[in-house]
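Accompanying notes for the structure given below.
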Amino acid sequence: MTLRRVNPSYNGPVNRLGHTTRATHEDRFVVTPINDAVYSRAFVDLSVEPVVIEVPRIEGPYWTVQIADFHTNSFAYIGKRQGDGEGAYALVGPHWRGVLPDGLNRSVAAPTPVIALLARVAVLDDDEAAAVDLQHQFKLTPLSVWTGTANEVSDPAASRPYLDFKTGDPLDFYRMLNWVLTENPPPPADAGILGLFERIGIASGIEFDPDELHPATVDGLRRGSSKA
């Protein structure tokens with residue numbers, strides 16, 4: 001098997017795994033990545049329904065699926081260390097109240113509707129091709145499609161107008177930020193810093209309105225966004 005080197009990137013459709021080969025000294029997509037494993041990653045939207053992650057049969061290499069909330073706090077793992085194996089695992093958002101079907105290994109309750117996955121499969125005996133083959137067998141599927149009650153995957157981002165700002169105004173970043181903070185409330189431990197942000201119009205549950213702020217503050221926010 002001839003490997004095609006994949007440039008690491010976190011850009012991609014929601015609810016779809018992206019795969020990368022082993023990192024090299026030239027990669028800068030994350031701080032000090034390990035180079036004895038291949039990575040698969042995805043942002044997962046659980047606001048409509050659970051999403052099922054299917055894990056292939058993996059004999060030998062260490063593997064793990066790290067699961068983080070919207071604010072990058074790791075809250076769960078699926079993996080060899082946890083005693084998990086081949087099968088299907090349901091990722092369930094905080095607002096879903098349905099009944100999960102039979103056939104799942106177990107479920108993972110997420111604290112925010114949007115989460116991030118980072119799966120790793122170790123490379124054994126320098127056989128990167130074998131690890132790449134395994135990583136491409138991981139699957140993400142909405143619960144309704146997995147059970148057969150729906151036959152197509154909808155775009156969860158379609159109902160999020162804040163993802164399609166096209167005005168060119170740097171302040172659109174803060175409008176988007178308030179949207180996502182409302183959908184994914186930060187943990188209580190962040191209350192202190194969030195209180196400071198609220199002074200400049202950044203908070204969950206409100207619409208960012210620059211007209212309510214001092215012109216100097218608005219100018220600073222505009223310059224900060226344009227340089228980010």
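What you are looking at is a predicted structure, and each value in this text was computed from that prediction instead of being measured.
In terms of heavy-atom proximity, G201 sits nearest to I206 at O-CD1, 3.9 Å. Nearest heavy atom pair, residue L104 against residue A90, reads CD1-CB, 3.8 Å. Residues P113 and P94 share a closest heavy-atom pair of N-CD, 3.8 Å. Of all the heavy atoms in I115 and D69, the pair that sits closest is CG2-CA, 4.2 Å. Of all the heavy atoms in V51 and L140, the pair that sits closest is CG1-CD2, 3.8 Å. Scanning both residues, T147 and P101, for their nearest heavy atoms gives CG2-CG, 3.7 Å.
Between S40 and the options Q135, H136, Q137, a side-chain hydrogen bond (donor to acceptor under 3.5 Å, both in side chains) holds for only Q135. The side-chain contact (heavy atoms from CB on, under 4.5 Å) with V92 is formed by just one residue from the set L46, L143, L100, V108; it is L100.
The side-chain heavy atoms of V44 and V114, taken from C-beta on, include no pair separated by under 4.5 Å. Side-chain contact check for L177 versus F208: every heavy-atom pair is 4.5 Å or farther apart. With contacts defined as side-chain heavy-atom distances shorter than 4.5 Å, the pair W63/V55 qualifies. Taking the side chain as every heavy atom from C-beta outward, L181 and I202 approach each other to under 4.5 Å. Two residues are said to be in side-chain contact when any heavy atoms from C-beta on lie closer than 4.5 Å; P187 and H71 meet this criterion. A 4.5 Å side-chain heavy-atom check between E54 and W146 finds at least one atom pair inside the cut-off. Within the 4.5 Å cutoff, the side chain of R22 has heavy atoms near those of the V123 side chain. You'll find the side chain of Y174 stays beyond 4.5 Å of the side chain of D169, heavy atoms only.
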Side-chain donor-acceptor pairs of residues 75-82 under 3.5 Å, sequence neighbours excluded:
{"from": "K80", "atom 1": "NZ", "to": "G60", "atom 2": "O", "distance (Å)": "2.8"}
{"from": "Q82", "atom 1": "OE1", "to": "G79", "atom 2": "N", "distance (Å)": "3.4"}

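Interatomic distance, E49 CD to H95 NE2, rounded to the nearest 0.5 Å: 15.5 Å. With rounding to the nearest 0.5 Å, the separation of NE2 in H214 from CD1 in I200 is 14.0 Å. Atoms CD1 and CD, from I193 and E198 in turn, are 12.5 Å apart once rounded to the nearest 0.5 Å. L171 CG to S225 OG: the interatomic distance, rounded to the nearest 0.5 Å, is 7.0 Å. Remark: D209 CG to R175 CZ distance equals 8.5 Å, nearest 0.5 Å. Atom CG of L221 and atom CG of L213 lie 7.0 Å apart (nearest 0.5 Å).
Under the 3.5 Å distance criterion, the side-chain polar atoms of D190 are left unmatched by any main-chain donor or acceptor of P186. S204 contributes no side-chain N or O that, together with a main-chain N or O of T182, makes up a donor-acceptor pair within less than 3.5 Å. Side-chain atoms of S144 never come within 3.5 Å of backbone atoms of A150 as a donor-acceptor pair (strictly under, hydrogens ignored). At distances below 3.5 Å, at least one donor-acceptor pair connects side-chain atoms of T112 with backbone N or O atoms of F70.
Evaluation of the salt bridge (Lys or Arg N to Asp or Glu O under 4.0 Å) rule for D127 yields no partner, not counting sequence neighbours.
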**Request:** Show the numbers, then the answer: is there a side chain to side chain contact (heavy atoms under 4.5 Å, CB included) between Y89 and S107?
**Result:** CA-CA 6 Å; Y89 302 80; S107 63; over 6 Å; no
**Request:** Show your working on side chain to side chain contact (heavy atoms under 4.5 Å, CB included) between Q66 and L117 and close with a plain yes or no.
**Result:** CA-CA 6 Å; Q66 179 182 356; L117 299 183; over 6 Å; no
**Request:** Take V65 and F138 through the side chain to side chain contact (heavy atoms under 4.5 Å, CB included) test and state the conclusion after the steps.
**Result:** CA-CA 10 Å; V65 180; F138 283 80; 3.9 Å; yes
**Request:** Please assess L17 against K139 for the test side chain to side chain contact (heavy atoms under 4.5 Å, CB included), listing each intermediate value before the final yes or no.
**Result:** CA-CA 7 Å; L17 282 167; K139 296 180 181 178; 5.8 Å; no
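Y62 OH: more than 12 foreign heavy atoms inside a 6.0 Å radius. The neighbour count for E86 CD, taken as heavy atoms of other residues, nucleotides or ligands under 6.0 Å away, is above 12.
Hydrophobic clustering keeps V52 apart from V48 (ILVMFWY residues linked when any side-chain heavy atoms are closer than 4.5 Å, directly or through intermediates). Tracing side-chain contacts under 4.5 Å through hydrophobic residues (I, L, V, M, F, W, Y), one never reaches W96 starting from V145; they form parts of separate clusters.
Screening residues 101-121 for salt bridge (Lys or Arg N to Asp or Glu O under 4.0 Å) gives D84-R106 as the qualifying pairs, with residues at least two apart or on separate chains.
Salt bridge D219/R222: absent, no basic N to carboxylate O contact under 4.0 Å.
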